[in-house]
Peer 1: 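Please read through the structure below; I'll follow up with questions.
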Amino acid sequence: MVDEGSSLLAEAESWRNESVITIVGQVRERPGDTANSKLPTGDIEVYIDEAIVQSAAEIIPFQVSEDDGAGEDIRLRYRYLDLRREKMHKKIRLRNNITASLRRRMIEQNFQEFQTPILTASSPEGARDYLVPSRLHPGKFYALPQAPQQFKQMLMMSGFDKYFQIAPCFRDEDGRADRLAEFYQLDVEMSFVTQEEIFGTIQPVIEGMFEEFSEFTGTKRKIEWMPHLRYEDAMLKYGSDKPDLRNTLEIVDVSDVFSRDDVEFKAFKGVIANGGVVRAIRAPKVSDQPRSFFDKLNSWAQSEGAPGLGYIAFADGAGKGPIAKFVPEAAQAQLKEVAGLEDGDAIFFICDQKSKAEKMAGAARDAICNALPEGHEAAREQNTYKFCWVVDFPMYEFNETTQKIDFSHNPFSMPQGGMDDLENKDPLDIYAFQYDCVCNGFELASGAIRNHSPEIMAKAFGLAGYGEEILEKEFGGMLNAMRYGAPPHGGCAFGLDRMIMLIADEPNLREVYAFVMNGQYEDQLMSAPSDITEEQLKDLHIKLDLPKEIKTEAA
RNA sequence: GCGGGCGUAGUUCAGUUGGUUUAGAACGCCGCCCUGUCACGGCGGAGGUCGCGGGUUCAAGUCCCGUCGCUCGCGCCA
């Protein structure tokens, strides 16, 4: 507030938005009817005696005080301005509070917090490593940790029986909305525990934290833990190892129905004859949907590379739709039986080789749910976090590319049945004490009971085609540690950023970091990655051998 | 590496079937005016390589091809 005619008036009017001004003056009540109850500070004003412009802002590239919908590109380039916005402040504060809450809850359960090396060696996760050249050891490289996996296991062997860390992790694979090159995990490990004891320990931490911040968006959200899902059941019923259980549609196998002699649908029969399967999704009470409902789903399936999305709709006791005429009444009756169909329902079909069919059925399950009109009985449940542990992952899988047996997850996991199973079972029938925690279609955590026996470890790696020499060379450090007394142990790691993203109800991880790179893993604010000087390369004894079309500006 | 979407003023967007001399709007910016305003108001103004390159056409922001950038997804990755 400045008096009319004051020399300060003209100056005050020249201040641009986002300039930094120090004002000396008196805070006083607004006189008469000038008070404004709609403003938080509407009852008072500052009478300015003196004003100092500490930093006059140039014209800003986008508006800070209002959300003008500026694109992500420009927001990231001027992140320091973007971060001034109230919405960003709230999210960054949320991040702080969530981190503090998790740390407090872990410490209350007598876990100890650790830091582990950032410049380290490759760990057993399957992703590409970020590498850092060593100056002191020409030609050799450090790897940034994909996770502190081996360190936390060795801490177990050192007798620190309850470990946790808010751990930075690095993986050099292409990004997604929920995947970045660098991210943080609430990393946890305990010794002398069973899988269920780990769930029992970490679940209250995660649930308590979600509960604590469940009203962040302004709408209270429920938290619900669903019964454990076996991996195989998850793949069959939901077509995903990270199903969104807010979607209640389920997949069933109907291969038998389409194998019947009286069913003449050649498109499916041919695939079945080649070892394929038919999976089906019951969509309740949709037979009254317009034709476009089914047509849109069909073109969606085609856009996913499938021939289409066949269906039969049941109304007035009869099956309708393009496929129905190939499926005689007796076969339709079997379908109804298998899928639990009632009059008014429709059933959608996916036919392919098993793993493709599973995946496509999983995608279709979501597409059908998304297509349902608002308020439909099977529409995705709102304002709920549906958690679930997915358990009993297979220890090995058959790699179609290499035609070899491979670890399907973390190779340090303990095979269920131990040495006995490794020696006596078909490797593809062995399960691991390996589990994921999923929530609303996101994989929030992954974990395992670890293999703490060098003998079982050698056998387990042997089945995947890794000889003792390789094992020794790659993981000798930890293997040695096991030879001097290793307690049974296990743990898990929760993706911190994904949890923040869920609680903040944001569509991607970039929204919950103060500073973050874009989808191409470039930091436009700091100009990373960047060229380096010849001197730096020389120091590292590195010569570049770049693809032809890419030019570097390295001096 | 592959596929979908997007790309027009500083920002967010509109732009019809290819056709109105000079491509519009809002916010922002600049100037003047007003002054108890507070999403102030009024008048005026500047600001565009329609991502880039090529093509079709009498005529291209609009159609076609290529390319670049961003984004979502697939592959990859837990």
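Naming: A, B, ... by sequence-line order, numbering from 1 per chain. Given the structure is predicted, the values throughout are model-derived calculations rather than measurements.
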Peer 1: Between C34(B) and G19(B), how many Å separate the two P atoms, rounded to a whole number?
Peer 2: 47 Å

Peer 1: Regarding N518(A), tell me which of base, sugar-phosphate or nothing describes its non-hydrogen contacts under 4.0 Å with the strands shown.
Peer 2: sugar-phosphate

Peer 1: Quick one: do F114(A) and F151(A) satisfy ring pair (Phe, Tyr, Trp, His ring centres under 6.0 Å)? Show the steps, please.
Peer 2: CA-CA 10 Å; F114(A) 288 79; F151(A) 291 111; over 10 Å; no

Peer 1: Compute whether any side-chain donor of one residue and acceptor of the other, for N370(A) and R380(A), lie under 3.5 angstrom apart.
Peer 2: yes

Peer 1: Regarding C76(B), can its base be found pairing with the side chain of R179(A) as donor and acceptor, where the two atoms are less than 3.5 Å apart?
Peer 2: yes

Peer 1: When rounded to the nearest Å, what value does the distance between C1' atoms of G61(B) and C6(B) take?
Peer 2: 15 Å

Peer 1: Looking only at side-chain atoms of Q524(A), point me to the closest of C70(B), G36(B), G75(B).
Peer 2: C70(B)

Peer 1: Relative to the ring of Y466(A), is the ring of F407(A) parallel (under 30°), tilted (30 to 60°) or perpendicular (over 60°)?
Peer 2: parallel

Peer 1: Starting at the 5' end of RNA chain B and moving along, which residue's nearest nucleotide shows up first, G42(A) or D73(A)?
Peer 2: G42(A)

Peer 1: Whether the side chain of E45(A) and the base of G36(B) hold a donor-acceptor pair under 3.5 Å is what I'd like checked.
Peer 2: yes

Peer 1: Atom CD1 of I60(A) and atom C1' of C27(B): how far apart are they, to the nearest Å?
Peer 2: 11 Å

Peer 1: If you find the nucleotide of RNA chain B closest to S303(A) and the one closest to R77(A), which residue's nucleotide is nearer the 5' end?
Peer 2: S303(A)

Peer 1: Checking contacts here: which listed nucleotide (C38(B), G75(B), C70(B)) is nearest the side-chain heavy atoms of E522(A)?
Peer 2: C70(B)

Peer 1: Whole angstroms only, please: what is the CD1-P distance between I59(A) and C27(B)?
Peer 2: 17 Å

Peer 1: Work out how far the C1' atom of C30(B) is from that of A9(B), and round it to whole angstrom.
Peer 2: 15 Å

Peer 1: Can you see if the side chain of K356(A) gets near the phosphate of G75(B) - specifically, an N or O under 4.0 Å from OP1 or OP2?
Peer 2: no

Peer 1: Roughly how far apart, to the nearest Å, are C38(B) and G28(B) at atom P?
Peer 2: 13 Å

Peer 1: Please determine whether any donor N or O and acceptor N or O are separated by less than 3.5 Å between the side chain of R30(A) and the base of C38(B).
Peer 2: yes

Peer 1: For the side chain of N36(A), starting at C-beta, report the closest nucleotide among C30(B), G73(B), C38(B).
Peer 2: C38(B)

Peer 1: Can you tell me, in whole Å, how much space there is between the C1' of G5(B) and that of G42(B)?
Peer 2: 43 Å

Peer 1: How long is the line joining NZ of K242(A) and P of G73(B), in whole Å?
Peer 2: 9 Å

Peer 1: Given U11(B), is OP1 or OP2 found less than 4.0 Å from the side-chain N or O atoms of R75(A)?
Peer 2: no

Peer 1: May I ask you to test the Q195(A)-M414(A) pair for a side-chain heavy-atom distance under 4.5 Å?
Peer 2: no

Peer 1: If we check ring-ring contact (aromatic ring centres under 6.0 Å, His included) with F210(A), which of these qualifies: Y385(A), W225(A), F494(A)?
Peer 2: Y385(A)

Peer 1: Rounded to whole Å, please give me the gap between CG in D174(A) and P in G73(B).
Peer 2: 12 Å

Peer 1: Taking only the P atom of each, what is the distance from G51(B) to U11(B) in whole angstrom?
Peer 2: 13 Å

Peer 1: May I have the distance from Y521(A) (atom OH) to C72(B) (atom P), rounded to whole angstrom?
Peer 2: 11 Å

Peer 1: Is it the case that D244(A) and Y238(A) place a side-chain donor and acceptor less than 3.5 Å from each other?
Peer 2: no

Peer 1: Heavy-atom distance under 4.5 Å between the side chains of L186(A) and L496(A), does that happen here?
Peer 2: no

Peer 1: For the P atoms, the ones on G4(B) and on C65(B), what distance do you get once it is rounded to whole angstrom?
Peer 2: 11 Å

Peer 1: Hydrogens and angles aside, do Q26(A) and D49(A) bring a side-chain donor and acceptor to less than 3.5 Å of each other?
Peer 2: no

Peer 1: Given the rule that a pair is Watson-Crick or G-U wobble with both distances under 3.5 Å, how would you write RNA chain B in dot-bracket, using | for pairs to a different strand?
Peer 2: (((((((..((((.....[....)))).(((((.......))))).....(((((..]....))))))))))))....

Peer 1: Could you state the atom-to-atom distance from CG of L76(A) to C1' of G69(B) in whole Å?
Peer 2: 14 Å

Peer 1: Take atom CD1 of I74(A) and atom P of U11(B), then tell me their distance rounded to the nearest Å.
Peer 2: 5 Å

Peer 1: Hey, does E13(A) reach any base, or is it just sugar-phosphate, or nothing, if we go heavy atoms under 4.0 Å?
Peer 2: base

Peer 1: When we call it a touch if two heavy atoms are under 4.0 Å apart, what does G71(A) touch: a base, just sugar-phosphate, or nothing?
Peer 2: sugar-phosphate

Peer 1: Please report the interatomic distance CZ(R498(A)) to CG(L509(A)), rounded to the nearest 0.5 Å.
Peer 2: 6.5 Å

Peer 1: Are the side chains of D436(A) and K242(A) in contact, using a 4.5 Å heavy-atom criterion?
Peer 2: no

Peer 1: Would you kindly give the CD-to-P distance between E72(A) and C6(B), to the nearest whole Å?
Peer 2: 18 Å

Peer 1: Which is true for Q63(A) with a 4.0 Å heavy-atom rule: it touches a base, it touches only sugar-phosphate, or it touches nothing?
Peer 2: sugar-phosphate

Peer 1: Looking only at atom P, what distance separates U62(B) and U8(B), rounded to whole Å?
Peer 2: 13 Å

Peer 1: Look at the side chain of R510(A) and the base of U71(B), then say whether one donor and one acceptor between them are separated by less than 3.5 Å.
Peer 2: no

Peer 1: So, is Q520(A) near the phosphate of U71(B), with a side-chain N or O under 4.0 Å from OP1 or OP2?
Peer 2: yes

